[in-house]
Amino acid sequence: MLLKKISGSFHDLKPLISLVFIISSPKYRAFATHQLTPYSTPNPSISNTKSHSNLNHALLQMSIQGLDMKFRDYDALLNECVNSKSLRGGQRVQSHMIKTRYLPPVYLRTRLIVLYLKCEILNDARKVFDEMRERNVVSWTAMISGYTKTGFYSEALSLFVQMLRSGTYANEFTFATVLKSCVGPYGFEYGQQIHSHIVKSPFEFHIYVGSSLLDLYAKSGKPHEARIVFEGLPERDVVSCTSMISGYAQLGLDEEALGLFRTLQRKGMVFNYVTYVSILTALSGLAAFEYGKQVHGHVLRSELTSYIILQNSLIDMYSKCGNITYARRVFDEMPERTAVSWNAMMAGYSKHGLGKAVVELYNKMRDENNIKPDSATLLTVLSGCSHGGMENTGLRIFDEMVCENGIGSIDLSIEHYGCVVDLLGRAGQLERALRFIKEMPFEPNAAIWGSLLGACRVHKNAGVGKIAGDYLLKMEPRNAGNYVILCNLYASDGKWDEVRKMRELMKGTAVKKEPGKSWIELRRTMHTFYASDRSHPRKDEILSKVREISDRIKGFGYCPDLSCVMYDVDEEQKERLLLGHSEKMALAFGMMNVSAEKAIRIMKNLRICVDCHNFAKFVSQVYGREVFIRDKSRFHHIVNGVCLCGDYW
DNA sequence: TTAGGGTTAG
């Protein structure tokens with residue numbers, strides 16, 4: 001929806017660059033504060049609206065006064081309407097103006113725009129704006145802000161261009177606002193042009209403008225540029241700092257986010273709830289449970305606990321750190337919840353493969369009348385059923401959704417259909433999944449074909465797998481993961497010609513796999529391992545431990561799955577490469593350092609490979625260890641040789 | 001009178 005709005009009419013915009021001359025002129029200056037002069041003597045009974053706690057009473061006074069309304073009277077009434085978000089009040093004031101043929105000055109018309117925007121009536125605000133014979137920077141900025149806040153970015157930018165053309169200079173409010181409309185793939189170019197305008201304006205180092213700018217760069221995937229803007233600010237407050245932290249966190253640069261947070265913490269910065277939400281996102285990414293608990297402690301001491309969003313982030317953090325019990329405790333203790341709270345809790349259960357708990361919570365949510373499930377709820381429930389091995393329940397819930405008696409009010413997106421493909425795939429109904437894809441009201445995307453291909457790999461169905469793979473390779477010719485899965489699938493089916501073909505294709509497209517990385521937190525220190533890592537100070541010890549474990553579990557039936565190695569090397573070399581997988585090193589390191597009665601918790605940036613999964617299952621059985629592995633897709637909770645994922649991920 | 005940072009899902 002938002003993308004539609006963004007991409008909608010950006011292309012219709014004339015390049016801003018042609019307007020550089022307008023605002024780069026030396027005439028650019030700060031504007032004098034608008035001085036308000038009363039147009040005539042006000043009516044005390046209305047002008048003192050503040051003293052009337054009841055707006056209706058003042059509006060009644062207005063009717064009684066008849067034609068005798070003055071600027072100050074209207075001003076006072078509109079002020080009260082804005083404060084109390086009274087749309088009806090604003091409409092009555094406006095009709096009174098029309099009835100009495102009063103021609104409101106720019107200031108009052110702008111107040112009306114602000115009121116309508118506050119009441120989220122964009123069209124009425126625009127109508128007032130369009131009828132203005134003259135406008136000032138405030139009216140322009142208010143209207144631009146209205147479009148920005150509602151996600152109509154192209155309209156906001158279009159108005160900005162019109163404003164410059166009309167000869168009105170942008171001020172710090174305008175720049176801070178309009179930059180928000182440049183977030184998104186199509187807007188960045190405009191953002192850069194606006195940045196060049198800002199550089200020539202007196203507002204380059206304004207803290208609001210700077211925060212907007214750095215946020216734009218961060219959200220456009222340019223953390224380096226964002227940091228330059230951040231460092232260039234003459235002063236930094238909690239918002240600009242939070243913007244930088246959240247920019248890092250949203251780009252997955254969790255360590256950088258944590259580093260900046262800790263630096264600011266040492267400097268004594270007082271954070272607010274948004275900062276904590278942002279740092280919790282980074283800690284969720286890192287699965288840094290100990291840090292997370294520490295931050296939770298700060299939150300409790302800082303009296304910020306009443307923020308629902310912050311509580312939601314805590315639920316998310318604990319569940320992504322593998323501690324679903326703590327997550328549930330936060331959830332249970334919340335005095336008030338939003339749909340996001342429920343969704344976050346269900347998502348936690350889902351990632352842990354606890355499908356039953358997801359459905360239980362979903363039913364409870366539906367029973368509570370005050371919160372309505374939204375489209376994210378349904379995605380979570382469907383994916384929860386899929387992860388939890390509850391295919392039939394998931395399919396039943398989907399049917400409920402699409403039939404008339406269902407929830408009905410929720411728009412189904414392609415992601416919902418993707419979840420159904422997952423469910424059918426997991427249930428091994430691959431032909432049915434293929435038919436479902438062909439019949440669904442969306443054009444299948446790479447995620448859908450990827451999901452089907454993954455299911456074909458698990459159920460070893462090379463026929464449907466080839467169909468999905470062909471589509472997928474056309475859509476994502478440079479995604480190495482797809483070639484890897486197809487290779488595995490063909491290899492498991494003995495189709496060596498196809499395997500060779502895939503390898504050739506991989507070479508031809510020069511695809512590169514993202515390097516595998518696993519990490520483990522020990523006493524608040526992160527130990528990170530890369531595939532075939534030789535950088536860790538205890539590398540020799542760790543690698544020999546991996547070998548020792550491998551030898552021991554082989555005696556219990558472990559057999560290295562050489563099909564997981566994509567390199568064209570001999571079998572011995574393949575086994576050596578498998579032993580070098582980062583999660584095996586992290587697991588060995590965990591066994592060396594985590595006491596026997598405690599579970600070993602490992603994180604991996606990619607999906608765990610079949611061989612490492614199998615390796616961990618044998619470790620749990622032979623050594624009697626409980627192992628949690630969080631991979632890109634979910635948690636693997638492995639006890640006594642069995643993983644809760646049911647070997648499907 | 002107009003302004004900057006935030007949570008869940010795939």
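Throughout, protein chains are lettered first and strands after them, A, B, ... in sequence-line order, and every chain is numbered starting at 1.
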With a cut-off of less than 4.0 Å, is there a side-chain N or O of A:Ser383 near OP1 or OP2 of B:dG10?
yes
May I have the distance from A:Leu179 (atom CG) to B:dG5 (atom C1'), rounded to whole angstrom?
14 Å
Report yes if a side-chain nitrogen or oxygen of A:Ser246 is closer than 4.0 Å to either non-bridging phosphate oxygen (OP1 or OP2) of B:dG6; otherwise report no.
yes
Closest of B:dA3, B:dA9, B:dT7 to the A:Ile309 side chain is B:dT7
Which part of the nucleic acid, if any, lies within reach of A:Lys118 when heavy atoms closer than 4.0 Å are counted: base, sugar-phosphate only, or nothing?
nothing
I'd like to check the side-chain contact (heavy atoms from CB on, under 4.5 Å) partners of A:Tyr208; sequence neighbours left out, ordered by chain and number.
A:Ala176, A:His206
Minimum-distance nucleotide (side-chain atoms of A:Cys419 versus B:dG10, B:dG5, B:dT2)
B:dG10
Pairs where residues 128-146 of chain A contributes a residue and the test salt bridge (charged side-chain N to carboxylate O under 4.0 Å, His left out) is met, not counting sequence neighbours
A:Arg126-A:Asp130
Contacts of A:Pro223 meeting side-chain contact (heavy atoms from CB on, under 4.5 Å) (sequence neighbours excluded), chain-then-number -> A:Tyr248, A:Leu251, A:Leu253
Checking all strands, does A:Lys219 fall into the base, sugar-phosphate, or nothing category for heavy-atom contacts under 4.0 angstrom?
sugar-phosphate
Contact class for A:Asn272 vs. all strands (heavy atom < 4.0 Å): base, sugar-phosphate, or nothing?
base
Residues touching DNA chain B, which here means a heavy atom under 4.0 Å, drawn from residues 207-218 of chain A:
A:Ile207, A:Tyr208, A:Ser211, A:Ser212, A:Asp215
Base of B:dG6, side chain of A:Tyr273 - is there a donor-acceptor contact under 3.5 Å?
yes
Phosphate-side-chain proximity, A:Lys180 and B:dA3, N/O vs OP1/OP2 below 4.0 Å
no
Nearest listed nucleotide, side chain of A:Thr380, among B:dA3, B:dA9, B:dG10:
B:dA9
Does A:Ser451 have any side-chain contact (heavy atoms from CB on, under 4.5 Å) partners at least two apart in sequence or in another chain, and if so, which?
A:Val421, A:Asp422
Which part of the nucleic acid, if any, lies within contact of A:Ser243, taking any heavy atom under 4.0 Å across all strands shown: a base, the sugar-phosphate backbone alone, or nothing?
sugar-phosphate
Who are the side chain to side chain donor-acceptor pair (under 3.5 Å) partners of A:Ser633, not counting sequence neighbours?
none
Nearest 0.5 Å please: distance from the CD atom of A:Glu235 over to the OG atom of A:Ser240.
8.0 Å
Donor-acceptor pair under 3.5 Å, A:Asp422 side chain vs B:dG10 base
no
For A:Lys149, check salt bridge (Lys or Arg N to Asp or Glu O under 4.0 Å) against everything at least two apart and list the hits.
none
Suppose we screen for side-chain contact (heavy atoms from CB on, under 4.5 Å). Which residues come up paired with A:Thr393, at least two apart in sequence or across chains?
A:Val359, A:Cys385, A:Met390, A:Arg396, A:Ile397
May I ask you to check whether over 12 heavy atoms, not counting those of A:Glu231, lie within 6.0 Å of atom CD?
yes
Output the residues of residues 329-345 of chain A in contact with DNA chain B, where contact means a heavy atom of the residue under 4.0 Å from an atom of the strand; sort by number or write none.
A:Val340, A:Asn343
Among B:dA3, B:dA9, B:dG5, which nucleotide sits nearest the side chain of A:Lys351?
B:dA9
